[in-house]
Novice: 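Right, I'll just put the structure down here and ask away after.
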Amino acid sequence: MSPDLLAILAQPAPLVAPHLIGWTLTHHTPHGSVAIELTEVEAYAGESDPASHAWRGPTARNSVMFGPAGRLYVYLSHGLHHCANVVTGPEGEASAVLLRAGRVVAGVDVARRRRGEQVARHSLARGPGNLGQALALTRQHSGAHLFDGGPLVLSPPSRTPAAVSSGPRVGVSRAHDWPWRYWLPGDPTVSAYRRGKTADTQPVPHLPL
DNA sequence: CATCTGATCCGCT
DNA sequence: GCGGATCAGATGC
């Protein structure tokens, strides 16, 4: 990995997240390769973030979040869906960016085989569970390096997106008003916004942008 | 379009 | 034992 990529990813998740829009995650498998250009992500900090898996400190599940940047953190959601994060920040500090949606830019036929033949192209990786399924990710991929020549590869965009919007995070029951969701405005592959259940009592932290 | 529900497993209390 | 960083389909405006 080049030094400038490492410099970007070694920052805390809320700073890295908007820069990941337009990056491409590719998974090479014996059944084919699928590449997804990210259009929507969400930042999750560590012990200071009540919505983060790392909020109550390190556990067996979230240990990857505390590791070095540039690896994948995959978890099983609601017993059904595999959701993927890019681990960011310095080693020892929990920080990750959830990959919420993207556009399939290679391997559309492979992705459709996994998601269903009737699924519209723009919906193949719309939503974190769907993105994980399109890439055939499971918890076995948690901890995988994204820059070591393995089957999972994260590559930067050729040109940076013209504009990135930000707003409240989706579906979380705590601190959902923290504006740590970032997306490509107007893009059809961005998932529908669903507000979290309860009102937000946590103060919004200062964003060092 | 907004809101609700069931499916289904695991991590943590 | 409870609830979740979800999704698709149904129901109600």
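Naming convention: chains lettered A, B, ... in sequence-line order (proteins, then strands); numbering from 1 in each chain. Below, each value reflects all heavy atoms present in this structure, side chains not excepted, and no hydrogens, waters or symmetry copies.
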Novice: So which nucleotide from C/dT6, C/dA5, C/dA8 ends up closest to the side chain of A/Ser77?
Specialist: C/dT6
Novice: Among C/dC7, C/dA5, C/dT6, which nucleotide sits nearest the side chain of A/Val172?
Specialist: C/dA5
Novice: So, do A/His82 and A/His141 have ring centers that fall under 6.0 Å from each other?
Specialist: no
Novice: Taking atom NE2 as the centre, does A/His31 end up with more than 12 heavy-atom neighbours from other residues, nucleotides or ligands that are less than 6.0 angstrom away?
Specialist: no
Novice: Across all strands, who's sitting opposite C/dT6 as a Watson-Crick or G-U wobble pair, both distances under 3.5 Å?
Specialist: B/dA7
Novice: Can you tell me how far C1' in B/dC10 sits from the matching atom in C/dA8, rounded to whole Å?
Specialist: 22 Å
Novice: Take the protein atom CG of A/Asn62 and the nucleotide atom P of B/dG11, then report the distance between them rounded to whole Å.
Specialist: 11 Å
Novice: Within the 4.0 Å heavy-atom criterion, would you say A/Arg169 contacts the bases, only the backbone, or no part of the nucleic acid?
Specialist: nothing
Novice: Using the six-membered ring for Trp and the full ring for Phe, Tyr or His, decide whether A/His81 stacks on the six-membered base ring of C/dT6 (centres under 5.5 Å, planes under 30°).
Specialist: no
Novice: So which nucleotide does B/dC12 pair with, by the Watson-Crick or G-U wobble rule with both distances under 3.5 Å?
Specialist: C/dG1
Novice: Give one of base, sugar-phosphate or nothing for A/Arg181, where a contact means two heavy atoms less than 4.0 Å apart.
Specialist: nothing
Novice: Check the distance between C/dG3's C1' and A/Trp55's CH2 and give it to me in whole angstrom.
Specialist: 14 Å
Novice: Would you say whether A/Tyr44 stacks on C/dA5? The test is a distance between ring centres of less than 5.5 Å and an angle between planes of less than 30°.
Specialist: yes
Novice: Could you state the OH-P distance from A/Tyr73 to B/dC10, rounded to the nearest angstrom?
Specialist: 14 Å
Novice: Report the distance from atom CZ of A/Arg194 to atom C1' of B/dT3, rounded to the nearest whole Å.
Specialist: 11 Å
Novice: Which one, C/dT6, C/dA5, B/dG11, comes nearest to the side chain of A/Leu80?
Specialist: C/dT6
Novice: Not counting sequence neighbours, which residues clear side-chain hydrogen bond (donor to acceptor under 3.5 Å, both in side chains) with A/Glu40? List them please.
Specialist: A/Arg100, A/Arg181, A/Ser191
Novice: Take atom CD of A/Gln133 and atom P of C/dC7, then tell me their distance rounded to the nearest Å.
Specialist: 10 Å
Novice: Is it true that atom CD of A/Glu117 has more than 12 heavy atoms of other residues, nucleotides or ligands lying nearer than 6.0 Å?
Specialist: yes
Novice: When the distance from NE2 of A/His53 to C1' of B/dC9 is rounded to whole Å, what number comes out?
Specialist: 13 Å
Novice: Whole-Å distance between C/dA5 C1' and A/Asn130 CG?
Specialist: 14 Å
Novice: Would you please confirm or rule out a distance under 4.0 Å between OP1 or OP2 of C/dA8 and any side-chain N or O of A/Arg115?
Specialist: yes
Novice: Name the closest nucleotide to the A/Asn85 side chain, picking from C/dA5, B/dG11, C/dT6.
Specialist: C/dA5
Novice: Counting side-chain heavy atoms from C-beta on, which of C/dT6, B/dG11, B/dC12 comes nearest to A/Arg139?
Specialist: B/dG11
Novice: Could you state the atom-to-atom distance from CZ of A/Arg61 to C1' of C/dG4 in whole Å?
Specialist: 8 Å
Novice: Which of these passes side-chain hydrogen bond (donor to acceptor under 3.5 Å, both in side chains) with A/Arg103: A/Thr189, A/Asp187, A/Thr39, A/Thr24?
Specialist: A/Asp187
Novice: Measure the distance between the ring centre of A/His78 and the centre of the six-membered base ring of B/dA7, then answer whether it is under 5.5 Å with planes under 30°.
Specialist: no
Novice: Examine A/Leu38 and A/Val108 and state if one hydrophobic cluster contains both, with Ile, Leu, Val, Met, Phe, Trp and Tyr joined whenever side-chain heavy atoms are less than 4.5 Å apart.
Specialist: yes
Novice: State which of C/dC7, B/dG11, C/dA5 makes the closest approach to the side chain of A/Leu98.
Specialist: C/dA5
Novice: Under 4.0 Å from OP1 or OP2 of B/dG11: is there any side-chain N or O of A/Thr59 that close?
Specialist: no
Novice: Where the side chain of A/Arg56 is defined as all heavy atoms beyond and including C-beta, which of B/dG11, B/dT13, C/dA5 is the nearest nucleotide?
Specialist: B/dT13
Novice: State whether A/Arg195 places a side-chain N or O below 4.0 Å from either non-bridging phosphate oxygen (OP1 or OP2) of B/dA2.
Specialist: no
